[in-house]
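Structure record follows, encoded as structure tokens.
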Amino acid sequence: LAPRGPAAGDIANIWWGMCWGGCAIFGLVMVLAFYVVFRNPDKRPKVRATPLILAGGLALPLLTLTPLLFYGVKAGYRWSAPVEDDYRIEVVGNQFWWDVRYPDADGRGAFEVARRLRLPAGSPVELFLRSCGVRHSSWVPSLAGTMDVFPDRVNRLRIEADDPGVFRGECAEFCGLRHAHMVFQVIAQAPDEFQRWLAAQREPARAPESELQQQGQRLFASECGHCHQVRDTAVGSSSAQGKAVRPGPDLTHIASRRQLGAGAATEINAANVAEWLPYHRKTDVRIGMPDLSSLDEPSRRALAAYLAHLR
Ligand code: CUA
């Protein structure tokens with residue numbers, strides 16, 4: 001009920017129209033009911049059934065529901081026109097995280113980010129939603145309505161934010177035991193800031209700069225590379241690189257994110273990552289992350305140093 005984008009504004013208008021219309025009809029029915037109960041029957045005017053049924057059962061619903069139908073259909077059409085290429089984004093629902101894929105534009109390279117959808121404020125973007133496995137439903141209440149996410153078809157959803165801001169998105173269809181944690185962030189930025197972010201994300205990962213980070217990179221390839229990818233590095237030989245469907249998020253620029261582990265930490269630095277590595281097993285046990293608590297302290301520190309370096 002606090003819309004921050006035009007689609008959410010349309011939905012709020014429909015909601016308020018229905019709310020006040022419903023209140024008015026409820027009030028009318030109550031007045032009639034009190035009239036019937038408390039008015040002396042001898043003094044009530046005699047009303048014939050047929051005109052009453054025609055007026056209350058046919059004319060009134062037509063009068064109230066027809067404008068609502070037209071408004072709803074018009075809003076639906078307004079939100080299905082195509083958008084610019086840069087602003088077509090593929091979203092894949094996994095158990096239990098969202099993979100957001102920005103397309104290749106003029107050969108500048110495609111890239112992915114997990115659990116985070118960036119978009120330019122004031123311009124509509126079009127999401128192409130599909131699932132990998134079970135059904136989900138994407139919902140950013142401040143910006144748009146829900147859209148079901150199926151494994152065997154692609155659903156389209158246009159969303160737009162009026163102004164820069166950070167909005168919460170979630171999965172609105174029960175999809176398994178960690179459904180309630182399947183949240184994502186929508187970050188609307190000023191258009192030039194968004195373009196700078198696009199360019200930075202299209203860059204390959206930073207090469208390791210210290211011995212510790214190099215050791216971390218090797219560990220990443222052996223311990224994490226089966227599920228995660230880091231673009232254009234030695235890790236490229238891992239089996240997860242370039243897969244259309246990967247079990248874990250792309251970590252090429254993990255340190256440029258605002259959160260770690262769906263909000264487990266709000267700042268990504270080597271200390272936080274090192275602490276989180278053995279702990280995530282407890283929080284992410286249902287998503288099939290392997291147990292990393294067997295990693296010794298120095299290995300953990302090396303891995304964390306490498307990941308925190310990937311800005
Ligand atoms: Cu995905 Cu609920």
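Read the numbers this way: they start at 1 and go in the same order the structure lists the ligands and their atoms.
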*4.5 Å side-chain heavy-atom contact, Val125 and Ile159*: yes
*asked:* Strictly distance-based, threshold 3.5 Å: is any side-chain N or O of Gln95 a donor or acceptor partner for the main-chain N or O of Cys175?
replied: yes
_atom 1 (Cu) of ligand 1 reached by Met182 (N, O or S, under 2.8 Å)_ = yes
*asked:* From the N, O or S atoms in Glu173, identify the one nearest to atom 2 (Cu) of ligand 1.
replied: O
_Using only atom types and a distance under 3.5 Å, with no angle test, would you say the side chain of Asp99 pairs donor to acceptor with the backbone of Val92?_
no
*asked:* Looking only at N, O or S atoms, which one in His136 sits nearest to atom 1 (Cu) of ligand 1?
replied: ND1
_Checking one value in my table: which N/O/S atom of His179 lies closest to atom 2 (Cu) of ligand 1?_
ND1
*Ring centroid separation Trp197 to Phe111 under 6.0 Å*: yes
*asked:* Just checking: Cys171, one of its N/O/S atoms, less than 2.8 Å away from atom 1 (Cu) of ligand 1, yes or no?
replied: yes
*Okay, side chain of Thr66, backbone of Leu63: is any donor-acceptor separation there less than 3.5 Å?*
no
